[in-house]
Amino acid sequence: DYDKAVAAAHELTRKQPNEPGAFNLLGAVYLAKGDNPAARTAFEQALKLKPDYVPAQMNLAGIEAQSGDRAGAQLRYRRVLEREPDNLAAVLRLTALLGRTDESLRLLEGAWNRRPDSVEAGLALAQEYLTRQNNAQALAVVKKLATVKPDDPQVVRALGVAQAGSGETANAIATFRKLAALAPQSPEPWYLAALAQGAAKDVRAMTESLDKSLAIQNNYLPALVAKV
């Protein structure tokens, strides 16, 4: 249980009083227990021992973001990125706090340029482009991802969405059908295909796709609404 885990972590800090990892572990146990003040104290002790210790900095940033201290969290994520520019978790969490800003776009583009094989980085950048209605740029990113991860459901879904947003309706429909084959238990692929078919004014195909979506999950709300 948590009390035993806390006791074991405290014992580790007694044995390794100068090791920041021991205090970071203690903080993580407290965090899992839901005791944020105690977790913060442990993480801060880790940083006293090693001011540039990234795991503790990340954990403190998470606590501050959760408590509503967005500025404090952003500052900590920036400190992490000063030390580790390739830290994708810090980039994604910082951009989530920043929202749709020029800085967010620069950070995501930088992460993608450094890690062009990263599905997480590519999808985050593609979503940012889609949010900004830069559909062609989103599609270009996802197409590159699809050459690396052609059967990754997340990538296939993003490809279909980007194709639909770029007016490539026929390609989008084919991509969503592929997604349906990759994720046969999910009602969403057929619903997405139906949306693309509706955009193409193919009412019959749209209805068939909605029926397939509801055959998988008869209470799937998006498909039910689309059938009204």
Side-chain angles (χ1 to χ4, degrees), residues 5-6 8-132 134 137-138 141-142 144-145 148-149 152 154-155 158:
V6 168
H10 269 294
E11 180 62 22
L12 182 63
T13 62
R14 283 191 286 271
K15 291 179 178 179
Q16 301 178 7
N18 298 315
E19 174 53 56
F23 286 93
N24 187 66
L25 177 62
L26 176 61
V29 173
Y30 274 126
L31 204 58
K33 188 180 179 182
D35 190 342
N36 283 11
R40 177 186 286 276
T41 298
F43 294 139
E44 287 175 343
Q45 179 60 33
L47 288 179
K48 285 180 182 178
L49 293 170
K50 187 176 180 182
D52 60 357
Y53 189 64
V54 167
Q57 198 76 267
M58 291 287 289
N59 285 324
L60 280 169
I63 290 175
E64 287 167 355
Q66 185 180 25
S67 68
D69 184 3
R70 298 171 68 88
Q74 288 174 24
L75 179 60
R76 290 192 184 277
Y77 287 133
R78 287 193 174 96
R79 285 175 178 168
V80 169
L81 291 172
E82 286 174 2
R83 179 166 179 78
E84 296 183 358
D86 291 339
N87 191 310
L88 184 57
V91 169
L92 296 178
R93 294 176 192 178
L94 176 55
T95 55
L97 290 169
L98 291 171
R100 195 171 69 181
T101 63
D102 291 341
E103 182 182 2
S104 290
L105 184 57
R106 286 195 301 272
L107 286 167
L108 291 170
E109 287 176 336
W112 170 246
N113 289 333
R114 284 188 293 271
R115 299 178 61 179
D117 60 339
S118 168
V119 170
E120 197 173 11
L123 291 179
L125 178 58
Q127 183 57 50
E128 182 70 17
Y129 283 141
L130 287 172
T131 301
R132 296 166 180 264
N134 295 341
Q137 289 174 287
V141 170
V142 183
K144 288 182 181 178
L145 271 183
V148 180
K149 301 282 187 177
D152 185 310
Q154 292 184 89
V155 173

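All values derive from a computational prediction rather than experimental measurement.
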TODO: Quick one: closest heavy-atom pair of A126 and A138, and the distance?
DONE: O-CB, 3.6 Å
Task: Passing option when S104 is tested against T95, L125, L94 for side-chain contact (heavy atoms from CB on, under 4.5 Å) - done: T95
- [ ] Please name the pair of heavy atoms, one in P20 and one in K50, separated by the smallest distance, quoted to 0.1 Å.
- [x] CG-CB, 4.0 Å
Open item on the list: Check whether N134 reaches the backbone of Q137 with its side chain - one donor and one acceptor, N or O, closer than 3.5 Å.
Closed with: no
- [ ] Check whether any side-chain heavy atom of Y129 sits under 4.5 Å from a side-chain heavy atom of E109, and report yes or no.
- [x] yes
Task: Gap between atom CG of N87 and atom CD of Q57 - 0.5 Å precision - done: 11.0 Å
Task: Distance (rounded to the nearest 0.5 Å) between E128 CD and L108 CG - done: 5.5 Å
Task: Within-4.5 Å side-chain heavy-atom neighbours: W112 and K144 - done: yes
Open item on the list: How close do Y77 and R93 get, counting heavy atoms only, and between which atoms?
Closed with: OH-CD, 3.2 Å
Task: Gap separating the CG atom of D102 from the CZ atom of R132, nearest 0.5 angstrom - done: 6.0 Å
- [ ] Starting at NE2 of H10, measure out to NZ of K15 and round the result to the nearest 0.5 Å.
- [x] 14.5 Å
Task: Spacing of D52 atom CG and R79 atom CZ [to the nearest 0.5 Å] - done: 11.5 Å
Open item on the list: Is the shortest side-chain heavy-atom distance between S118 and L88 below 4.5 Å?
Closed with: yes
TODO: Find out whether L49 and E19 are in side-chain contact, i.e. whether some heavy atom of one side chain is under 4.5 Å from a heavy atom of the other.
DONE: no
Open item on the list: Do L47 and Q45 make a side-chain contact, defined as non-hydrogen atoms from C-beta onward lying under 4.5 Å apart?
Closed with: no
Open item on the list: Whether E103 and R106 form a salt bridge (side-chain N of Lys/Arg under 4.0 Å from carboxylate O of Asp/Glu) is what I want to check.
Closed with: no
Task: Minimal non-hydrogen separation, T13 against A22, with atom names - done: CG2-O, 3.7 Å
Task: Chi angles and distances behind the side-chain contact (heavy atoms from CB on, under 4.5 Å) call for L26, L12 - done: CA-CA 8 Å; L26 176 61; L12 182 63; over 6 Å; no
TODO: Compare all side-chain heavy atoms of Q154 with those of E120 and state whether any distance is below 4.5 angstrom.
DONE: no
Open item on the list: Looking at every heavy atom in both N24 and A46, which two are closest together, and how far apart are they?
Closed with: N-CB, 4.2 Å
- [ ] Answer yes or no: is there a side-chain heavy-atom contact under 4.5 Å between V6 and D35?
- [x] no
TODO: Starting at CE of M58, measure out to CD1 of I63 and round the result to the nearest 0.5 Å.
DONE: 12.5 Å
- [ ] Could you tell me whether the side chain of L145 reaches within less than 4.5 Å of the side chain of L123, counting heavy atoms only?
- [x] yes
Task: Residue pair R115 / A121: nearest heavy atoms and the distance that separates them - done: O-CB, 4.4 Å
Open item on the list: Determine whether a donor-acceptor pair (N or O, by modelled atom type, separation under 3.5 Å) exists between the side chain of R76 and the backbone of L60.
Closed with: no
